[in-house]
Protein chains: 2
Amino acid sequence: MYIPLINHIEKFISLDENETQLLRDALQFKTLKKKENLLHAGQICHHQYFIIKGCCRNFIINDKGNEQTTQFGIENWWLSDFLSYHNERPSDFYIQAIENSEIIAIEKIDMEDLLVKVPKLERYFRLVLQKAFGASQMRIKYLYTQSAEERYHFFNDSFPEFTQRIPQYMLASYLDFSPEFLSKIRAGKV
Amino acid sequence: MYIPLINHIEKFISLDENETQLLRDALQFKTLKKKENLLHAGQICHHQYFIIKGCCRNFIINDKGNEQTTQFGIENWWLSDFLSYHNERPSDFYIQAIENSEIIAIEKIDMEDLLVKVPKLERYFRLVLQKAFGASQMRIKYLYTQSAEERYHFFNDSFPEFTQRIPQYMLASYLDFSPEFLSKIRAGKV
DNA sequence: GCAACTTCTTAAACTACTTCAAGTTTTTTT
DNA sequence: AAAAAAACTTGAAGTAGTTTAAGAAGTTGC
């Protein structure tokens, strides 16, 4: 059940038998029902989560009480509140399954221990974070330069597999506009 | 002249004499005049930059031909286009000095070599990226939940040292509104 | 110390998007 | 199969921000 993660890691570095075993020992496997939370706002985020199967999201609840999705994750993607994790401060985010999902959780204390025993993995996580941070720079670029309609079409063209899986109101909030406006874009009434 | 970086690294890991020397050998020191570019859109970003003294920014030029600042950096901060760096694809970003600055550049080829010789540094860069990505998650949260005026006051309260150093029109574009609107916020005419 | 350039301000007209409210369709539960 | 809940659509009214244009103030270079 840990194979997808091991495969993902081996795209970046190679592990021997012993290292793979140490890795396995640090991991926890979880199955999640749709809408089940991995993290609740107010909690310290003690884990990083790797999605084996399914689809999850990060979201916040804004001042008006609406959920605002800030990030999606599907297979082979890591999710966490990295600042809460890093500083061990309460999070503002929820992490929630959008579909029934299977995920791997690694707890910070086990992660730190694992990284001492298998320092090669520092490289893997550095590379994952480098890509993620780079993607986040691009995301800010698109938020700053594209109109709502452009962001919608760009997202659909870039990630067609997502559009099928996530409710529109979540996509609207991720793209930073209202669900009503998304309806209008789709109907060509903009 | 590399002391500030070595101090920064030693907040996260410790290096012996030999490792410090290998590090020094990989670094390039540069002085920059105000408005000088470290990266020009269209180029592949082959470096990561650490600011010793001064102030720099990432920006793009949007469809209307306006500069849009997406990131600021001051002392002890790393700047790069991490996706261009990672994938070795042309960048959409400019990296530019806002003040006369002193920076350390490390070229990707030297970085990779250094990380093989001093694998401990993988940990340093992982931790730097983890913090940066976490900060970026928070930034998206604020962009999504705060009004223009709230973003301005929040930025001023959180980073008072910046407001003195950067022109308002750059701050306005970083906060994702027009310079004219920033004038109105400051005048209390909103 | 003047000229040239850069940055900031103001106000009026405009627009991309939100909000509200009601109705329809789809999905889930029993 | 019915009932309940969740998700989507539509249109009218409102607003947070942009755009344009002109002038004022501040900086920099020679």
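- Rounding to whole angstrom units, OH of residue B:Y169 and P of C:dC5 are separated by 16 Å.
- In this structure, B:F133 has its ring center at least 6.0 angstrom away from the ring center of A:F133.
- With B:S84 contributing its side chain and B:D81 its backbone, the two residues share no donor-acceptor pair below 3.5 Å.
- Residues A:F50 and A:H8 place their aromatic rings such that the two centres sit under 6.0 Å apart.
- Atom C1' of nucleotide C:dT18 and atom CG of A:L175 are separated by 16 Å, given to the nearest angstrom.
- Taking only side-chain atoms of B:S183, from C-beta outward, the nucleotide of C:dT6, C:dT10, D:dC8 with the closest atom is C:dT10.
- Taking the ring axis of B:F93 as reference, the NZ or CZ atom of A:K141 does not stay both within 45° of it and closer than 6.0 Å to the ring centre.
- For B:R186 and C:dT9, the shortest distance from a side-chain N or O to OP1 or OP2 is below 4.0 Å.
- Between the CD atom of A:Q168 and the P atom of C:dT26 there is a distance of 12 Å, rounded to whole Å.
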Subject >> Protein proximity profile, nucleotides 12-20 of chain D - base contact B, sugar-phosphate-only contact S, no contact -, cut-off 4.0 Å on heavy atoms >> reply: B----BBBB

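- The listed nucleotides are C:dT10, D:dT10, D:dT28; the one nearest the side chain of B:A187 is C:dT10.
- Following rounding to the nearest Å, A:I185 (CD1) and D:dT10 (C1') show an atom-to-atom distance of 15 Å.
- Cation-pi contact between A:R57 and A:F59: present, with separation from the ring centre below 6.0 Å and deviation from the ring axis of at most 45°.
- Defined by atom type and a distance below 3.5 Å, a donor-acceptor pair is present between the side-chain atoms of A:H86 and B:Q130.
- Rounded to whole Å, atom C1' of C:dT27 lies 11 Å from atom NZ of A:K35.
- Remark: A:K131 is not positioned above the aromatic ring of B:F82, lacking an NZ or CZ atom under 6.0 angstrom from the ring centre and at most 45 degrees off the axis.
- Distance, A:Y152 OH to C:dC17 P: 15 Å, rounded to whole Å.
- Taking atom CD1 on A:I166 and atom P on D:dA7, their separation rounds to 13 Å, with Å as the unit.
- Note: CD1 (B:I98) to C1' (C:dT6) measures 15 Å, nearest angstrom.
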